[in-house]
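Everything numeric here is computed off the predicted structure, so don't read it as measured data. For reference, positions follow the sequence shown, starting with 1. All ligand and atom numbering here is 1-based and tracks the order in the structure.
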Amino acid sequence: MEGALAALKDEALYLPHADRHRLVAAFDVLSRAYALLSAPSAPSALSYGFRFQGSATHPPDLLRVLDSAVANPFPALYERFVMPTLVPPEAGGPDLIGIGITYEDQLVPALSLARLLRRQCPTRPIVAGGALVTRLAAAFVRRPALVGTTGPFAPFDAFVVQEGETALLAVWDRWQSGRAFDDTLPNLLVRTGGSAAAPTLARGPAHVEDVARLPTPDFRDLPLSQYLLGDPVLPLLTSRGCYWGKCAFCTHHRSYGPEGGFRARPPERIRADLDTLAARHGPSRLSLVDEALPPRHLRTVARHIRAGGLGHRFFADMRFEKGLSGARLEEAVAGGLRLLVFGLEAGSARVLQAMRKGAELDVAARILHDCRRQGIRTAVMVFIGFPGESVAEAHATARFLQDNAAVIDAWGVGAFSLMEGAPAYVAPAQFGITSVAAEPDEELSGRHDYVPRTGLAAGAASRIAAALERQRAADPRPTAHFPRELLAALK
Ligand code: SF4
């Protein structure tokens, strides 16, 4: 492990003519270490990025995993590595604790941490927020036992729904004043009555942040030297929501609420963010974590990094936009762009149109080739089984990946899920869905079973996706298995 960790931090191994196998071997050792660490907890497993695989989207399963010293490796890890570093509030430790939960595989680590912190800091507010908590707000109201004394979300005092900056300040002000939480707190879901085991919940008024006024994120409290790679990757948002916002399967916009929608940070604030991060951390690796980076922001970021000699390198998710020309990409590379991640979703023009993706296959292929010519790494995401997709159309997706393999460094595949709040869930008939199950298939997943009018059934789509995933796993190119931070670090 020591050799592997040193190799991952060795910038020389990321140079174009370095022996790539040393990096591959280091990442392999890391993956094996996670497998070893996970072995006693099987079938639960821990992998790179502290991701947890295990059945935990059904409340009884989640509680069983949380309570099990075998299936849940997190309490022991936290007790050993995190809790000893926590300063008690009386000695200047945290006054308020916020835990963000974005993905389902973060539930077990996040809830395990919240339980321990609740014991350690019994008098301090602990708040949950993030995209998954926003999505789960309706489930909490439907099933208050989830947040009751014996529920998995018991340790939290309040839940941020949608954006959290003003909400966290409101929690803090209210806590300091000694008054109880109520439904006047913006963007917060709080307990207002009922029983301890099944409380009544109330949600405060919706609040939309003014993205022009938010400060640059501050990472100075973090032990950045402990980052696995040589330079840490710092996340930065240049917009909230998605400027396209039409894809039938997508729920990203829900984190910002119908009231919020797309909001772009003004260019002068983006430039100030880049300057501030350079002043604090020097030339950095940045992950622009916008749902889809607007092309004009790509230009703003790249031009400013270059003009200011800031030395940042960055990667981002973007759409296959016609305007993303070779010249634009060349300018972006000169300003530090290293990797673009694209959601292509399907390799059939008809399916792309049906899902309102707004992408064209020939444009996608042209952009991928232009990226290769400019030395920009690429990752492409697809899924199988959008309602109405036929077997032949699913195969077209596999063919697109195959035909363009030389210009795609990494790709990911999944099966279609009908998520609560997605346009296809809100208006199923418009997207070829004849019926939708009233309840999610598991209470905490937000996924609903559905019946498509034509095309692949959900089970068949999952089987094709699994076959494609096996192909991906067998890809002999080492970069195909690198996480995006590592891919973006390659020079
Ligand atoms: S899938 Fe991507 S481009 Fe489409 S609406 Fe969602 S975030 Fe936007």
Side-chain angles (χ1 to χ4, degrees), residues 102-104 130-132 134-135 162-163 208 211 235-265 287-298 315-324 328 339-361 363-365 367-368 371 378-389 397 400-401 408 410-428 430-433 446-448 461 465 484:
T102 304
Y103 300 110
E104 284 168 24
L132 184 63
T134 296
R135 227 171 66 206
Q162 293 158 5
E163 295 169 289
V208 176
V211 293
L236 184 67
L237 264 181
T238 73
S239 63
R240 289 193 172 181
C242 171
Y243 70 91
W244 176 253
K246 296 179 193 168
C247 302
F249 55 87
C250 181
T251 56
H252 290 336
H253 62 283
R254 291 194 75 206
S255 305
Y256 303 98
E259 309 87 350
F262 175 71
R263 282 152 294 147
R265 197 152 161 85
S287 170
L288 302 184
V289 283
D290 301 54
E291 310 298 347
L293 184 71
R296 65 177 194 278
H297 289 202
L298 176 69
F315 59 99
D317 285 63
M318 284 193 81
R319 292 169 40 75
F320 283 120
E321 295 283 6
K322 269 197 185 100
L324 211 48
R328 287 264 173 94
L339 163 73
L340 283 177
V341 181
F342 296 101
L344 174 69
E345 327 303 1
S348 143
R350 190 203 67 78
V351 176
L352 286 175
Q353 205 172 20
M355 63 172 68
R356 300 186 183 163
K357 185 69 203 176
E360 291 168 30
L361 293 166
V363 172
I367 291 174
L368 289 167
C371 283
T378 60
V380 173
M381 304 297 139
V382 298
F383 67 82
I384 303 295
F386 185 75
E389 186 173 71
T397 301
F400 182 93
L401 294 168
I408 297 174
W411 53 278
V413 60
F416 170 73
S417 290
L418 183 61
M419 300 300 295
E420 223 163 271
Y425 173 85
V426 176
Q430 284 180 26
F431 297 97
I433 296 173
R447 273 185 301 271
H448 286 251
R484 54 176 66 183

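With a cut-off of 2.8 Å, atom 8 (Fe) of ligand 1 has no N, O or S atom of Cys247 in range.
A distance of 8.5 Å separates CG of Leu298 from CG of Leu288, quoted to the nearest 0.5 Å. Here CD of Glu360 is found 3.5 Å from NZ of Lys322. Values are rounded to the nearest 0.5 Å. Here the CE-CG distance, from Met318 to Leu324, works out to 4.5 Å after rounding to the nearest 0.5 Å. With values rounded to the nearest 0.5 angstrom, Ile367 atom CD1 is found 10.0 Å from Arg319 atom CZ.
Counting heavy atoms only, Lys357 comes closest to atom 1 (S) of ligand 1 of the residues Met355, Lys246, Glu291, Lys357.
Ligand-side atoms of ligand 1 in range of Phe249: 1 (S), range being under 4.0 angstrom from any heavy atom. Distances below 4.0 Å separate heavy atoms of Arg319 from the following atoms of ligand 1: 3 (S). Heavy-atom contacts of His252 reach the following atoms of ligand 1: 7 (S) (cutoff under 4.0 Å).
A 4.5 Å side-chain heavy-atom check between Phe386 and Phe431 finds at least one atom pair inside the cut-off.
Salt-bridge formation is detected for the pair Asp317/Arg484: a Lys NZ or Arg NE/NH1/NH2 atom is positioned less than 4.0 Å from an Asp or Glu carboxylate oxygen. Look at Arg263 and Glu163 and you find a salt bridge, because one of the NZ, NE, NH1 or NH2 atoms lies within 4.0 Å of a carboxylate O, short of that distance.
Ligand 1 is never approached by Tyr243 to a heavy-atom distance shorter than 4.0 Å. Distances from ligand 1 to the non-hydrogen atoms of Gly343 include no value under 4.0 Å.
For atom 6 (Fe) of ligand 1, the closest heavy atom belonging to the protein is Cys250 SG, 2.4 Å. Protein heavy atom nearest atom 8 (Fe) of ligand 1, with residue, atom name and distance: Cys242 SG, 2.2 Å.
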